[in-house]
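For reference, the structure discussed in these notes is given below.
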Amino acid sequence: MKKLSLLLLVVTMLALAACGATATPEPTKPPAVQATATPLPPPPPTATPVPPTATPKPVPQVLRLNAGSEPDTIDPQKASFVGEIDVIMKVFSNLLTFDSAGKLIPEMAADMPTLSADGLTYTFKLRPGLKYSDGRALTAKDFEYGWKRHMDPDVAGDYAFTGYVLVGGEAYNTADTKKTSKEDLQKLRDAVGVKAVDDLTVQFKLTDRAPYFLSIVAGWNGIPTREDMVTKGGEKWTEPATYIGNGPYILKSWEHQTKMVFVANANYFRGTPPIAQIEEVQINDAAVAFTAYLNGELDITGVGSNELAQVQGDAKLKDQYQLQPGTCTFYIGFNTTRKPFDNAKVRRAFAMAFDKEGFVKNVLKGLGIPANQFLPPGFPGYYSDLKGLAFSKDAAAKELADAGFAGGKGLPEIKYGYSASPRNQQRAEWFQQQLKDNLGVEIKLDPLESKAYTAAVKKLETTPQMYLLGWCQDYPDPQDWFTTVFDSKSTVSHTGWKNDDFDKAVRAADPEPDAKKRDDLYKQSGQILINDAPVAFFWYNVSSFVQKPYIQGCKNTPLDYYFCSTTIMQAKITAH
Amino acid sequence: MTKFLLRRLLWMVPVLFVISVITFSLMKLTPGGPWDKGEGRREMSETQREILNRKYNLDKSEVEQYLYYMAGAIHGDFGPSLQYRDRNVQDLLFDAGPDKGFWESKFGRSATLGLLAVMIGVVVGLPIGILAAVK
């Protein structure tokens, strides 16, 4: 018995230690909104008249946001998630960027790049006099280092694949560091198609024409990390002391799992941003964050379906409310290798048998936009004249009859798989009811535990017949959507769909230098995708938040990397 | 008395060893892996997974992984964090940040709870035990 109690004691202590380290679930990232400070009461009227020329107290330019949770990493060459990119793009800047209209403009580069006649070499000239926040000069060599580090197999960045279009990129990134000699690894690194021709010129050599490469260098890929800082800081180089960047802000302090503070970078080439300090806390409960906003402790916060009623019901809050299209599309996926979804007519019938608008209104409570094509409106690759499969009981019934299953007779058992959670259960039940009411088909709900569901969807043999899927944008280019997801070589569609016409269209579009021809080809592919229906487009997500009215000059766009990133040089806090 | 204490302390070694094997096996037996991204996040490609697995020795057999882990653990090196890719596990457990002491770290707080639990057990249990024995 004595040994048993000792065992129990040790186990208990270990269990307690383990409890402290469980990861908190990721909340949806609220848009950057600073809490507003409680307004100061007006000064009491004085007996003696005060001269009217008294200078007003300057408004503290401090923005208070909620990051939601601690980012897993803020290393530019390892990041993959919006919360991480949010931090990175405050502290670092890339060759190009997007303006508030969604147009590509030069950032660290002096101008848009020149392209060689064969379309395989991009040459960027940097602006003269660029500096990092600590005053050290930024040169082309830093961009070369950033990209080579991005492809380094030891760094193993999630988004290294964006560099596979560079000569030698994939070979270096997939090299087995345990089996390859140091010299050979260095050779592979040297062979990667990025080079600092001189201090102000960066040159990229591509394996194929790729107009979408410009969108990639407008993001966080290939950011010019400081080699001396990475060496100095080693594993901990992302701590504020060594996390030196070239962007509008400096990471001043990072209290892990609690708060990050950013201060304006006077060495940013566009000048010092007007908002002098950004404080980001990590409140991962949406209700708590909302209360903080109401109390004036946050300047911006997300509005979920639980808070929406309160916002709509209050005139002031309603005024502060903003709804932006998100960067994701959700759709019902069909496993085209399993009956009955090997038949396009059946797929189309199901696609037209549910009321997307009703879903957005009743289930999402307005926090969504019904989707009839792959890309969300406002994104390159969205075409307003594409004809979607609109909700129609009659059209759906006709397709089903044409397929030989009139009224649903003769259909095999159909299971709808999803990751078990109360929210997904509610949506699945809605979908099941819709198919019953509109198509007369009874499907079976097949919830799976979250990890088991992810594992099942990965292999076509175990992918459910029908399931819910989504795709979020990596970089704003139709290639990242159409080709990356639905080309028959892709591994992320999980539909097993192969369509030669679609493949031909996107493979011709990807390298096409003529912008109009390229757009037409993608448009064509977009229509094929709708008509052949390997998936049934459902809804686009939205960014829903309230923002204090004293934040002026800010234009929130779907392409923002962080709060107001495209207009950060105009955003400021006014008196309140 | 010393022999008794010594024996108890020595027993801790095999017990901790068994616990480490059980915990390690449980982690390996649960479905999913460290690179599964969960809902709403992009899944990694197979190539990417292979590169990461190679980097963190996850492509080796489970026995080898356990040995790598224990070899480090004995020296207080619990390896890199698979979730927080910029930090290692011992920092996450023991380092509460600049100007913060050991007791404010995650391990420190858990140890505090554990020690309090032991104290309550002793303070309450010892007198009751003595009383029961005497009665």
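In what follows, chains are A, B, ... by sequence order, proteins preceding strands, each numbered from 1. All values derive from a computational prediction rather than experimental measurement.
- Of the listed residues (B:L92, B:D91, B:T47), the one with the most heavy-atom contacts under 4.5 Å to chain A is B:D91.
- Neither the backbone nor the side chain of A:Y418 has a heavy atom closer than 4.5 Å to any heavy atom of chain B.
- Residue A:W471 touches chain B through its side chain alone, counting heavy-atom pairs closer than 4.5 Å.
- Ranked by heavy-atom pairs under 4.5 Å with chain B, the list A:T177, A:D176, A:I74 is led by A:D176.
- Paired with B:R87 under the rule side chain to side chain contact (heavy atoms under 4.5 Å, CB included), one option of A:E235, A:K236, A:H256 passes, and it is A:H256.
- The closest side-chain heavy-atom distance from A:E84 to B:D86 is not below 4.5 Å.
- For a residue to count as touching a neighbouring chain, one of its non-hydrogen atoms must lie under 4.5 Å from one of that chain's; by this rule B:R54 touches chain A with backbone and side chain alike.
- Within 6.0 Å of NZ in B:K28 there are more than 12 heavy atoms belonging to other residues, nucleotides or ligands.
- No other option in B:E50, B:R49, B:R85 has as many heavy-atom pairs under 4.5 Å with chain A as B:R85.
- Proximity to chain B (any heavy atom under 4.5 Å) is restricted, for A:Q257, to the side chain, taken from C-beta onward.
- Here B:E104 pairs with nothing under the salt bridge (Lys or Arg N to Asp or Glu O under 4.0 Å) rule; sequence neighbours left out.
- Of the two parts of A:V155, only the backbone, made up of N, CA, C and O, holds a non-hydrogen atom closer than 4.5 Å to a non-hydrogen atom of chain B.
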Going through the distances and angles, do A:N173 and B:Q48 end up as a side chain to side chain contact (heavy atoms under 4.5 Å, CB included)? CA-CA 9 Å; A:N173 191 235; B:Q48 193 54 49; 4.3 Å; yes

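- Heavy-atom distances place no part of A:A79 under 4.5 Å from chain B, backbone and side chain included.
- With a 4.5 angstrom heavy-atom cutoff, A:T484 touches chain B only via side-chain atoms.
- Between atom CD of residue A:E70 and atom CD of residue B:Q83 there is a gap of 9.5 Å, rounded to the nearest 0.5 Å.
- Residues B:I51 and A:P153 share a closest heavy-atom pair of CG2-O, 3.6 Å.
- The most heavy-atom pairs under 4.5 Å with chain B, out of A:A455, A:A452, A:G470, A:A175, come from A:A175.
- Contacts of A:T238 with chain B are made by side-chain atoms alone, with heavy-atom separations under 4.5 Å and no backbone atom involved.
- Here the NZ-CG distance, from A:K78 to B:L52, works out to 9.5 Å after rounding to the nearest 0.5 Å.
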Walk me through it: do A:K178 and B:N57 pass the test side chain to side chain contact (heavy atoms under 4.5 Å, CB included)? CA-CA 10 Å; A:K178 311 251 169 71; B:N57 284 330; 3.0 Å; yes

